[in-house]
Every structure is written in C-alpha cells, then in structure tokens.
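Only a predicted model underlies this, so the values are computations on that prediction, with no experimental measurement involved. Read the numbers this way: they start at 1 and go in the same order the structure lists the ligands and their atoms.
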Amino acid sequence: MPDYFLNIHTHRKPQSEDEVVIRNAYLSETLQNHRPAYPVSAGIHPWFIENDWKNQIEKLRKILLEYPVAAIGECGIDRVIDIHLSTQYEVMEAQIALNQHFNKPWIIHCVKACSDFLFLLKQIPQPVIFHDYRCNLTQTKSLMKYNRVYFSFGKSLLNPTPKLKEVIDYLPVENIFLETDTSPVKIQEIYRQYADLKKISVSKLKSGIVRNQHNAGINLL
Ligand SMILES: [Zn+2]
C-alpha cells in the first residue's frame with residue numbers, strides 16, 4: 001500500500017514529499033497549455049460564474065478532453081452569494097451533463113445547500129466528495145443514503161464545534177477525505193487532528209484514505 005498524505009482539495013502545490021494533492025485549477029488558461037506536475041481538479045466554482053457561462057462550459061470541456069484531471073470541481077451550490085440560484089443550478093446541471101461523457105468524480109462546494117444536493121445527487125451517478133463539509137448530522141444521514149458519497153474536512157477540525165464532532169463520530173472512515181483548501185495549515189496536522197477525534201492511528205487513517213481514493217475513482221495521473 002503506498003504511503004502518503006492525500007490532500008483531496010487545496011489551492012497550492014504539495015508542501016512536502018509525503019503529501020499528494022489534488023490542486024484546484026478552476027478553468028486556468030495555463031492548464032490549457034501546460035500539463036501540471038501534480039494532479040488537479042477543474043470546474044466552474046459558483047463564485048466565479050460569468051454571464052457567458054456557456055463559454056465556461058466549453059473551456060471546461062476542452063480541459064477535460066486535453067488533460068486527465070483527477071476530478072471535476074470545485075463546483076456546486078452556494079446559497080449565501082448573490083449569483084441567482086437558478087443560474088447556479090443551470091451551471092451545475094450543465095456540468096452534470098458534460099460529465100456523462102467523462103465520468104469523473106466530483107469535488108463539491110456546498111454552502112447552506114445540503115437540501116439542494118439531496119435533490120441534485122439523483123442526477124449524479126459518479127462519486128461525490130463534499131469539500132469543507134459543514135452540514136449537520138440529520139442532513140449527513142440523508143446524504144449517506146446515496147452510494148459513493150464522501151465528506152472532506154479541513155481546518156474546521158482544529159476547533160471542532162459540537163455539531164462537527166457529532167458528524168465526525170457518525171461518519172465511518174470509509175466515507176471521508178481530508179484537505180487544507182486555502183488554509184496554510186499542514187495536511188499532516190489535519191490528519192493528526194482527525195485521528196485524535198476518531199481515536200485511530202494516523203497510519204491507519206492514511207491507508208484508509210488511500211483506499212477511499214481508489215474506491216472514489218480518483219486517478220493521480
Ligand atoms: Zn477551495
């Protein structure tokens with residue numbers, strides 16, 4: 001079994017030799033010209049939906065055709081931003097349609113949108129990873145009724161709320177990933193914190209997450 005700290009969602013390069021990242025590349029132009037030295041995800045983040053989003057979908061299609069991205073995302077639904085919810089749905093549904101062809105796992109941005117995903121997951125056959133997951137226990141139990149749903153945690157683990165602790169207690173290691181997102185914290189620290197909360201060893205956690213990576217179809221090309 002390979003031995004590394006998988007960082008499922010980050011905006012930076014790997015920080016140590018034992019860290020493997022999926023770096024969020026948005027729709028980066030450089031991605032269209034240079035193959036990156038590490039695995040990336042590409043997608044239309046709800047914060048950056050443009051009026052001409054159909055053109056963004058075409059850019060994404062081009063990236064997916066040219067590069068073996070590890071996942072589509074981050075993309076999703078955010079109920080606290082100004083972009084109209086119906087537009088966010090259109091963009092998400094266009095990405096779902098596009099992914100019928102590419103069949104990649106998803107890295108999902110979900111802000112106050114758990115109920116939206118209880119609906120949207122019916123249209124998504126691929127594995128789904130909710131990044132920086134914040135929903136409550138009841139919502140988590142509903143989402144767990146879907147197959148191949150994963151929940152990723154990051155810096156919120158460093159000061160866990162009672163609500164988060166409940167969710168961590170409930171979720172089996174088989175359904176989780178860990179991440180740093182935009183935070184400067186080290187991925188090793190996030191692993192230690194989760195391992196403490198879950199009362200398992202870091203080495204067991206690492207191998208569990210590598211297994212999840214394979215089960216979720218995350219390809220580190
Ligand atoms: Zn992010």
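If you chain together hydrophobic residues whose side chains sit under 4.5 Å apart, Ile200 and Leu6 fall into the same group.
Nearest N/O/S atom of Glu74 with respect to the Zn ion (ligand 1) is recorded as OE2. Atom NE2 is the N, O or S atom of His11 at the shortest distance from the Zn ion (ligand 1). Per residue Asp181, closest N, O or S atom to the Zn ion (ligand 1): atom name OD1.
Under the side-chain contact (heavy atoms from CB on, under 4.5 Å) test applied with Ile44, the options Glu50, Gln56, Gln88 reduce to a single match, Gln56.
Among the atoms of His9, an N, O or S atom falls under 2.8 Å from the Zn ion (ligand 1).
Applying the ring pair (Phe, Tyr, Trp, His ring centres under 6.0 Å) criterion to Tyr191, with sequence neighbours excluded, gives Phe5.
For Phe130 and Phe117, the ring centers sit closer than 6.0 Å to each other.
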